[in-house]
There are 2 protein chains.
Amino acid sequence: MPSTTETLTAERILEATEEVLRRHGPAKATVVDVARALGVSHGSVYRHFRTKAALREAVTKRWLDRTSERLAGIAAAEDLAPERRLRDWLAALFEAKRHKAGDDPELFATYTVLVDELGGVVHDHIADLTGQLTRIIAAGAESGDFTAPDPATAARAVFHATGRFHDPGYAREWTTPGIEEEFEAVVGLLVRGLRAEGQ
Amino acid sequence: MPSTTETLTAERILEATEEVLRRHGPAKATVVDVARALGVSHGSVYRHFRTKAALREAVTKRWLDRTSERLAGIAAAEDLAPERRLRDWLAALFEAKRHKAGDDPELFATYTVLVDELGGVVHDHIADLTGQLTRIIAAGAESGDFTAPDPATAARAVFHATGRFHDPGYAREWTTPGIEEEFEAVVGLLVRGLRAEGQ
DNA sequence: CAGCTAACAGATTTCAATATCTGTCAGTCC
DNA sequence: GGACTGACAGATATTGAAATCTGTTAGCTG
């Protein structure tokens, strides 16, 4: 039973893949399942994605990009003071990840598996996020609020230092009681470390 | 073939267990293997450890404690300036973990598996390490080198912020080229954040 | 009698046969 | 004739029967 008569597009395949992953999980989701969900033969799916890995990569990239886009808005908010912008951005990153993990834990676990079987995608995602952070810190350095000889290095340091609050490997900890305070303590320390001497 | 005629002690069982883990890995190491290595029946092992989990826990605790002990020396070196002491301690922690991981990757992977199937042991280990950090930071706060209203909170923040350089989950990254510089950048930022206003 | 063994029940793991999946391609169908 | 199918070979996953392991205990042994 074909779900619609529309032509088969990469986009429709990605949507079906996401649904199959949600239902079956990363280990049991097959290309045949995706084709079945679309009412086509699996050969047709291979017309749009050369391998199963390419399909998984595309769907994962889409998922990661949805997070980056939301944060890009904050990174671009040049009206806010740099410190405020940095704190908001980090809080939004934490909140976004935590929400994804808490909302639908199985889907989050699924994407976590996909993410670390796909080296390149994560690398790009992290480059994207640290790029946004670099822009915030560079703005702060220019305005004199921050001391940062090399904003890109400082951005990576801030990103790594807050890993506990956005790296999926720590997702289990995101529901423990004191986590908000831990986050505040780490961010507070980092912001103090970035601030220019005369405040 | 009994390896010796000595009486069977908990200590001898732990040594044999470590050897069996090194040889077979965490998934295939059995209590029967340990007993065989000691030339006794597995029932004798159960006389000293109530369950297989208890045996694994004891051997893991021993392994973690070997790291803590080395660091305790630095934490107690009260002749060093607080900032120096903090930097040395963090560098020693990174170095210790990195060495363990690089030296015998399979044994490290084995213990990593054990560590995160045993919730309580890690918790104690982390409490031990953050306790050492707290003492260093508290000393810095007293001497006026650091600003830290709550040294224990600051210690946990520093520990979490440097997770990338001691959490086994990141072991893969410890051999990548820029890791030393990343470490320096994070530690530099944290130390700046801890320093009292007038330097 | 303290320390050990050996045999056991139930749970878990292994292994090999069987089924399913991936990726290709010759051929069908608007 | 461009999008799709369906049959195929080799790779991977599933399954269930057999082997092994965990944890207990009755009894041996020095």
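Small disclaimer: the values here were computed from a predicted structure and weren't measured.
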Going 5' to 3' through nucleotides 7-21 of chain C and flagging B where a protein heavy-atom sits under 4.0 Å of the base, S where only the sugar-phosphate is that close, and - otherwise, we get -------S------S
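You can see that DNA chain D meets the heavy atoms of chain A within a 4.0 Å-exclusive cut from dC4(D) to dT14(D), reading 5' to 3'.
The distance from atom CZ of Phe49(A) to atom P of dT22(C) is 15 Å, rounded to the nearest whole Å. Protein atom CG of Leu8(B) is 17 Å distant from nucleotide atom P of dA2(C), rounded to whole Å. Computed from coordinates, the Arg50(A) CZ to dG23(C) C1' distance equals 12 Å when rounded to whole Å.
Val113(B) and Leu55(B) fall into different hydrophobic clusters, where Ile, Leu, Val, Met, Phe, Trp and Tyr are joined by side-chain heavy atoms under 4.5 Å apart, directly or via other members. Tracing side-chain contacts under 4.5 Å through hydrophobic residues (I, L, V, M, F, W, Y), one reaches Tyr170(A) starting from Phe165(B); they form part of the same cluster. Hydrophobic clustering (ILVMFWY, side-chain heavy atoms < 4.5 Å, transitive): Val40(A) and Val32(A) are in distinct clusters.
In the model, Thr30(B) has no side-chain atom that pairs as donor or acceptor with a side-chain atom of Lys52(B) under 3.5 Å. Between the side chains of Tyr111(A) and Glu106(A), no donor-acceptor pair of N or O atoms lies under 3.5 Å.
For dG3(C), the OP1/OP2 oxygens have no side-chain nitrogen or oxygen of Thr7(B) closer than 4.0 Å.
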Run the salt bridge (Lys or Arg N to Asp or Glu O under 4.0 Å) check on Glu78(A) and Arg84(A) step by step: do they pass?
CA-CA 11 Å; Glu78(A) 314 220 341; Arg84(A) 181 72 282 144; over 6 Å; no
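For Arg156(A) and Phe159(A), the positive end is not near the middle of the six-membered ring at less than 6.0 Å and at most 45° from its axis.
Looking at Arg22(B) and Thr110(B), their side chains never come closer than 4.5 Å, going by heavy atoms from C-beta outward.
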